[in-house]
Each structure stands twice: as structure tokens, then as C-alpha cells.
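A short write-up of the structure that comes next.
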2 protein chains.
Amino acid sequence: MKAERMSDQVARVVEKAITEGQYPVGSQLPPERELAVRLGVSRPTLRQALTTLAARGWLETRQGGGHRVCQHLGDGFSDPLLALLSNDKDYQYDILEYRNALEGMAAWYAALRLTHSDRQRLQACVIELERSHAAGNAEEQARADADFHLAIAEASHNTVLLHSMKALFRVLATSIAESVFQIAGQGDTADRLLAQHKCLLEAILEGDAESAQRASQAHLGFVESCLNESHRQGRQRQRGLQAFNVMPG
Amino acid sequence: MKAERMSDQVARVVEKAITEGQYPVGSQLPPERELAVRLGVSRPTLRQALTTLAARGWLETRQGGGHRVCQHLGDGFSDPLLALLSNDKDYQYDILEYRNALEGMAAWYAALRLTHSDRQRLQACVIELERSHAAGNAEEQARADADFHLAIAEASHNTVLLHSMKALFRVLATSIAESVFQIAGQGDTADRLLAQHKCLLEAILEGDAESAQRASQAHLGFVESCLNESHRQGRQRQRGLQAFNVMPG
DNA sequence: ATTGGTAAATTGGTATTACCAATTTATCTG
DNA sequence: CAGATAAATTGGTAATACCAATTTACCAAT
């Protein structure tokens, strides 16, 4: 049986120390030279291990500044395949369908679990949407759009969902900006998008989970219909998003 | 402005070479000593870069055997925070809600896009579920359960969804096995779970997207109700899964 | 020509030592 | 006490050496 290599063992040991709270979020690990001695390995081997942990999002390092446990776990890493798919036009409908499920879920639970501070946060996000819409700034609109949807995800109080949506929006940043830019040139489309965001907010604030979910899905359906319907290579597929939107309710 | 470190630049260059097809899936990278010379860096620096790519799931390495591009991209990596949340009892309801959304979506699109080979694959999976159920083997039941749900995800023909569900089931393997084991001791529960799987299959085979989604959600609702309802720490939350299940339809 | 065994070559993994560059800390001066 | 500067500490890179696993080449037997 093939033995696990030393640097992977070290990575496991350090990762376990992090997850068990020996190195709390934000704290600094011991210096490399010291940690290497403690763990009985050479500095290059330790650095292999720490590189692995950094790639997984556990650590952030700065030359001279030490290795620190990431302030927001999961924020330092990105799923390379998700990133690849998100920036490939062949998968833009896959991405939209996926968003539809996650954002529909977020809207549903946000409507059910909204706290007072969630309310304030969402209202502030919509104000920012209005502001960037009035300014006609596509980049700010894209950022405000992502902030709004992530605020809904936070209001859902489902940590797993929030984590997945953060990962998704991180890799979608570029293509969302492009979509907003593309859509901005289509007459009253930007006005309609803003109206949809407000409608979604209203449903959430009213605690109407079904309406919130429908509003979310209508919004994404509209986004889909606005996008450039370039020919879709590969499989002949059903345009599921439209159908998915008319889920009973 | 802080310069990007050399090993991260090398990682980017190699990752780009992979994604652009210079190193196709399954192919072997040039030996370290040669690649280091080509890229003008030292072997330790190259190894830092390759370690990062391996941690992200792009590469698999074996001593003496070379560095190879992973056969199944995305399979070599796991999201550490997702893994952490999946094995923490405080988040088991978050996980169930998240599965509810993804598996509901998978069932929906599988019903719409089912191919002939998908049919065969799903039917084979259910046979395997029946076999492991009859044998009373919890570990095989857990594996058959995951295989069935992943086969549905494949039948949805949404690559992003499939990728996310694979990642989720990879980290849930342990806790699903525990759930199956826990549930197995509850009278006719295993029989009812098998019946639910069959009901879900029927709805998919009939191309009834709404029924498929409801069957999926009923299944997870039942799983939730069977699980040990341990006290839920932290926030006072609504039991959203039950409500989510009775989505109109 | 094929198969199995063995040696050699090639590959990745680990270690030691040295030095560079960024950051942090200590010290000194006004 | 604040600011400047030097020293110490930290991470980053490099060269060289050697170990261990895998692959390849070679040879003998069938």
C-alpha cells in the first residue's frame, strides 16, 4: 500500500489543528522555521503542506508577515471547475438553471427567516441598486446586483447555501458585469430589472415565501430571455428554465 | 502594490496551459526538472506551484510516476468549508435544505431531459438499491443511495449541477452512511425509503417534472423526519424544510 | 516472439544550507 | 510621545544532494 507523503500528512495535521480551534480564525501560525522543527520536517516539506492549505482557502500568507488563518473561511479559495464553467458560454444556461435553484431557495427561506437587521440590509442594497441604476454605471450595477442576492442568501440563514452562492458569485463576477453591460443597452430593460428586484424585496419583506421564490425565478427567466440567444452547441436540450419558472404555486 | 509571488505566477501559467488544452486530461506534465528549466524557476518553486494545482484538483502526482492532469476535473478537490459544515451536526438541516434544492432541481430536469441510456442507468441503480436493501448492508445502501442521486444529476444534463452534487456527496459520504445506519433500525423505514426511491424513478421515467420534484422533496422530508431530532443550537429557526416541501403543485 | 526477472534510468519527495525581500519590532533622537 | 532608522524576524527563492517509487531497458529462458 502506498504511503501518504509526508507533506500531505503535515497538511492534515495543521488543518485539523485549525478546525479544532488551536489556530482560531485570524490568528497567526507559528513561524515556518519553528513549525518545521515542531513537526519534525524540513522547511521545504512544511512549505509544501502550507501551500496546500493556502490553495484550499485555509491560509493567507504574506512575505515577512506570517501565515494567518483566513478571516472568512472558504473565501480564499475557488472551485477551479466552477470557474471554468462559469466563463464558458456553452454553460451559461447551466449556470442560470443552477442560480435559479439556489436563488429560489434563498428567496424562500429569506422570506421565512428574515430578521430586523436583514430587513435593513436588504433595503440598503436596493437603495444601492437604485443609485447605481440612476448613475448608469454597469460595473456598480453588477456589484450591487451581487450584493443584493448575497444579502438574500444571508437572510436565508442557511450557511451552506450562503457559502455556495458566495463561491458562485465570486466566479460569476466577470460574466455578470458583462450581462449587465449587454442588457443596459436594451431600452427599458434596466428599469424592468430594477422593478423585479423591488418586487422580490417586497415579497421577502412580506414574508411570502412562495411569492419571493416566484419573483426570484421570474427575474432569472427575464435575465435569460434578455441574453444573447447564441446558438447552443452540443446536445439538443429543452429550455428548462422557462418551464421551471412555472412551478406550481 | 505587492507583487504576485513567483510560484503563484507559475501556477497560473500551468493552469492556463491545462485549461487551454496544452495538457489534455490524463496527460503527463513534463518532468519537474525540465519544466523548472523551461519556466526559468527553481525546482522548489515549481513544486510550490504544482502543489497548489494539485490542491485545487487539477493534478495528481505519484512519486516516480510523474504529474498527470486529473482524469475527472473537479474530482480531485474538495471544498474544505463544505466538508467542515457537512460533518457538523449543527448544520445538518442546512445541508438537507441545500440538498432539497439541488436534488429537486436534478429530478425536475432529469424528467425533462432523460435519454435512453439515462433510463438504463437509473433502472440499474434502483436494482442496486433493492439488492443492498435486501442484503441489509448499510454501507452498500449508502453507496447505492448516492449513486442513484448522482445518476439523476447526470440525467439532468446540467454540468454545473452535477459538479456541485458530486462535491456535496463526496463530503457527505460519511454522514449519509451514518444516517442510513441510524434509519435502518427504525421498523419499516428502510422499506419506505426504497419505495420513495422507486416513486421518484417512476416520475422521472414518465417525464413528469413536477411529480419528480415533489417525490424528491418528499423523500428528503421523510429523511429529515426520521433523523434524530437533536436539540438545535444557536438561532431559533423555522423548520423550513417541511414548509418548502409543500410548495404549490 | 513472448514472458519474466533484474538492473539502470527517470521521476517525484525530502533535506540542508544560503541568501533575498517584505514585514515587524526595537531603539534612538528630537 | 512621535517619527525615523536599524535590526530582527518572517516568508520566498535557489542550489545541491540524496532517498524512494516508478518506468524503461536489457537479458535470459521458453
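As the structure is a prediction and not an experimental result, all values here were calculated from the model. Sequence lines set the chain letters: A, B, ... in the order given, protein chains first and strands last, and positions in each chain run from 1.
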| said: Between A:R143 and A:E128 (salt bridge meaning N to carboxylate O under 4.0 Å), is one present in this structure? | reply: no
| query | Has A:T45 got a side-chain N or O lying under 4.0 Å from the OP1 or OP2 atom of C:dG13? | reply | no
Heavy-atom donor-acceptor pair, B:Q9 side chain to B:E4 backbone, under 3.5 Å:
yes
Partner of C:dA15 under the Watson-Crick or G-U wobble criteria, both distances under 3.5 Å, comes out as D:dT16
Next item on the list: Go through the N and O atoms of the side chain of B:R43 and the base of C:dG13, and report whether any donor-acceptor pair is under 3.5 Å.
Entry: yes
note: A:E34, atom CD; D:dT9, atom C1'; distance rounded to Å ~ 12 Å
Between CD of B:E4 and C1' of C:dA22 the distance, given in whole Å, is 16 Å
5'-most contact on DNA chain C (nearest-nucleotide basis), A:R68 vs B:R47, goes to B:R47
B:R33 CZ to C:dG12 P, in whole Å, measures 7 Å
In whole angstroms, the gap separating C1' of C:dA22 from CG of B:D8 amounts to 15 Å
Rounded to whole Å, the CG-P distance (B:L35 to C:dG13) equals 14 Å
Quiz item: Quick one: is D:dT13 close enough that its OP1 or OP2 comes under 4.0 Å of any side-chain N or O from B:S7?
Solution: yes
Using a heavy-atom cut-off of 4.0 Å across all strands, would you classify A:P44 as base, sugar-phosphate, or nothing? base
note: A:Q63, atom CD; C:dA22, atom C1'; distance rounded to Å ~ 5 Å
note: B:L46, atom CG; D:dA15, atom P; distance rounded to Å ~ 13 Å
Checklist line | Candidate pair A:T51 and B:Q48, rule side-chain hydrogen bond (donor to acceptor under 3.5 Å, both in side chains), full reasoning | finding: CA-CA 7 Å; A:T51 296; B:Q48 293 289 92; 2.8 Å; yes
- For C:dG13, take OP1 and OP2 only and decide whether either is under 4.0 Å from a side-chain N or O of B:T61. yes
Separation between OH (B:Y109) and CD (A:E97), nearest 0.5 Å, reads 4.0 Å
Examine the base of C:dG13 for any acceptor or donor lying under 3.5 Å from a partner atom in the side chain of B:R62, and report the outcome as yes or no. no
B:N158 side chain to A:D94 backbone, donor-acceptor under 3.5 Å: yes
Paired to D:dA29 by Watson-Crick or G-U wobble criteria (both distances under 3.5 Å) is C:dT2
- At under 4.0 Å, does any side-chain N or O of A:S42 touch on OP1 or OP2 of C:dT16? no
